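One structure is given here, and the rest of the page talks about it.
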Amino acid sequence: MATLTDQFGIQEALAKLGIQEINEGTSTGSRSFANGKIIESYSPVDGTLIGKVKASTKEDYEAAMAKAEEAFKIWRLVPAPKRGEIVRQMGDELRKYKEPLGQLVSYEMGKSLQEGLGEVQEMIDICDFAVGLSRQLYGLTMHSERPMHRMYEQWHPIGIVGIISAFNFPVAVWSWNSMIAWVCGDVCIWKPSSKTPLCAVACQNIIKTVLERNNVPEGVSCLVVGNESGDLINNDKRIPLVSFTGSTRIGRHVSKTVAERFGNTILELGGNNAIIVSEHADINMVLVGAVFGAVGTAGQRCTTTRRLIIHESVYGKTVEVLKNAYGQLKIGNPLDSNNHVGPLIDKGSVQDYLNAIEKAKAEGGKIIVEGGVMEGEGYESGCYVKPCIIEAENHFHIVQEETFAPILYIMKYKTIQEAIDMQNNVPQGLSSSIFTNNMREMELFLSHAGSDCGIANVNIGTSGAEIGGAFGGEKETGGGRESGSDAWKAYMRRQTNTINYGTELPLAQGIRFDL
Ligand code: UN1
């Protein structure tokens, strides 16, 4: 095993990132507060124990929160463009560590090295975006209905932002939230997935030097590890905003818990994303979009393509092209650039994948490309599965669910309206796409009568969104938006100010109150 990891330079990457055998899991900037039980991180790539972190106890959490509260009082007074300058330096630091961090993401999470590097690139991109944003936190001015009055709105920092992130994007999702939150003047407390704690420790190590160099209080960036911290964040009245990425099931719990105390949430939950393949589609483009969408990250993106809705006239041809492409997929170590598909995160996910295939068959699904668990040399971790294709109907229970694995359901349609209805007819509403060269179909798909998702693409797959847009979706996806566009507004509180510079006190709405 050690040879395998050494062959891909993992030991060196870990050393560069300052990951020792045991890392103290809870830390604020440079300080550690971890006293809890040990969490072990095993690689799904080869089953090796990569490292251990200590979980945070309730006391550790309290200590971190005390640091966060203290830091907020200082950080909110730093002018926004100066906060942007700190984030700019973080982007520079991430550029330096792109290679080892990308390797660790690939090794601890299991996605391909290319995708691991792409994830770090998303972090760098959001830093650049946040730097510009730090000079553009604009509020509106309004004309008052009263004479000699001025009315405007300001955006103030909201406070402590809780970030609860998932294993599948172990570093990027944190950065979309934290980099934006920081330029907004907030401080962050991050609970990463317990499946990928080392990636979080590495991020903390990378930004630590920037915080220290600039005398920024360490509590600006707090890290708490272990599942216990999740509900501490959800229930904590000192945290006005919780950004949660994960399953719809846990998202429902987070949503209720935070709403109960009138906190705000940004929820990024499950997707059930479809591509409509029109009779007017360019089939070569469909091939790349659909196959990357369905098997990239081994089907573990919330934007993964889970359904292909294909026009009946091109159904046979599309299936043939897909079968051929799936036949050429190389499954294996994701650090080896010859492979297309890496492992699932753990054996629990492998079981979910197998169960989903059985359920689809029981409901009448027809196997087009057979699935199964890979065995033998190179697959010792037991987490490698074959991407499969199942002909199914949209109403099947299993098709209506999100299974975090490379299972692609395919189905036929006759009219474009029928295709749009099928695409929308699932509980989730994250990403969607149509492949067509017909402008009427394209515009209908993008219109208010078209896709009901937060993301709707034309001649592009469902995954791989850029950071410049607002990311998120409707219905059971949770309704949150993070990353680009004006998603920053969720990280600030709006204040409407009216100033009377006259000598009279006229009331609004013309109300008379004579004394
Ligand atoms: C996720 O799977 O949680 O659009 C995020 C994409 C990536 C982000 C996915 N930029 O596929």
Side-chain angles (χ1 to χ4, degrees), residues 102 105-106 108-112 114-129 163-180 190-193 195-196 199-200 243-251 254 265-275 288-306 341-342 344-345 349 402-406 408 428-433 451 453-458 460-474 476-485 487:
V105 168
S106 173
E108 193 179 32
M109 183 276 158
K111 64 176 67 177
S112 74
Q114 271 305 307
E115 291 180 75
L117 294 170
E119 183 169 347
V120 183
Q121 188 58 47
E122 285 201 54
M123 304 175 85
I124 296 167
D125 294 343
I126 198 76
C127 287
D128 288 352
F129 179 89
I163 303 167
I164 304 178
S165 62
F167 76 87
N168 66 332
F169 272 79
V171 294
V173 169
W174 164 72
S175 70
W176 300 344
N177 285 281
S178 60
M179 300 301 166
I180 301 291
W190 179 21
K191 190 207 91 63
S193 163
K195 296 176 183 178
T196 50
C199 283
S243 176
F244 172 82
T245 304
S247 67
T248 294
R249 190 178 61 83
I250 302 182
V254 173
T265 45
I266 296 175
L267 299 172
E268 302 290 346
L269 314 178
N272 193 345
N273 320 297
I275 295 179
V288 182
V291 179
F292 178 74
V295 313
T297 329
Q300 300 171 105
R301 289 192 190 215
C302 51
T303 52
T304 290
T305 307
R306 310 218 173 270
V341 187
L344 291 177
I345 185 69
S349 286
E402 177 192 51
T403 306
F404 237 42
L408 180 64
Q428 311 82 351
L430 179 56
S431 186
S432 58
S433 112
S451 164
C453 290
I455 297 170
N457 296 332
V458 176
I460 294 174
T462 56
S463 64
E466 299 176 20
I467 60 94
F471 183 85
E474 309 300 336
E476 288 193 3
T477 303
R481 292 295 186 279
E482 60 194 12
S483 195
S485 184

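First listed ligand is number 1; within each ligand, the first listed atom is number 1. A quick note: this is a predicted structure, and the numbers were derived from the prediction, not measured.
For Thr303, a nitrogen or oxygen atom sits less than 3.5 Å from a nitrogen or oxygen atom of ligand 1, counting backbone and side chain alike. Residue Asn168 has at least one nitrogen or oxygen atom sitting less than 3.5 Å from a nitrogen or oxygen atom of ligand 1, judged on distance alone. Residue Ala465 has at least one N or O atom closer than 3.5 Å to an N or O atom of ligand 1. For ligand 1, the polar-atom distance check against Cys302 finds a nitrogen or oxygen pair separated by under 3.5 Å.
Judged purely by atom type and a 3.5 angstrom limit, Glu108 uses its side chain to pair as donor or acceptor with the backbone of Cys199. Within the 3.5 Å criterion, the main-chain N or O of Arg306 finds no donor-acceptor partner in the side chain of Asn273. No donor-acceptor pair under 3.5 Å is formed between the side chain of Ser247 and the backbone N or O of Leu269.
Judged by a 6.0 Å distance limit and a 45° cone about the ring axis, Lys191 is not positioned over the six-membered ring of Phe244.
If you check which protein heavy atom lies closest to atom 9 (C) of ligand 1, you get Phe169 CE1, 3.5 Å. Nearest protein heavy-atom neighbour of atom 6 (C) of ligand 1: Gly464 N, 3.1 Å. Looking from atom 10 (N) of ligand 1 to the surrounding protein, the closest heavy atom is Glu122 OE2, 3.0 Å.
Ser112 and Glu115 share a donor-acceptor pair across their side chains, judged by distance under 3.5 Å alone. Residues Thr248 and Glu476 bring no donor and acceptor atom of their side chains to less than 3.5 Å of each other.
Remark: ligand 1 atoms within the under-4.0 Å shell around heavy atoms of Arg301 are 2 (O), 6 (C), 7 (C), 11 (O).
Classification of the Phe167-Phe404 ring pair by plane angle, with boundaries at 30° and 60°, yields perpendicular.
The heavy atom nearest to atom 8 (C) of ligand 1, out of those in Trp176, Phe404, Phe167, is found in Trp176.
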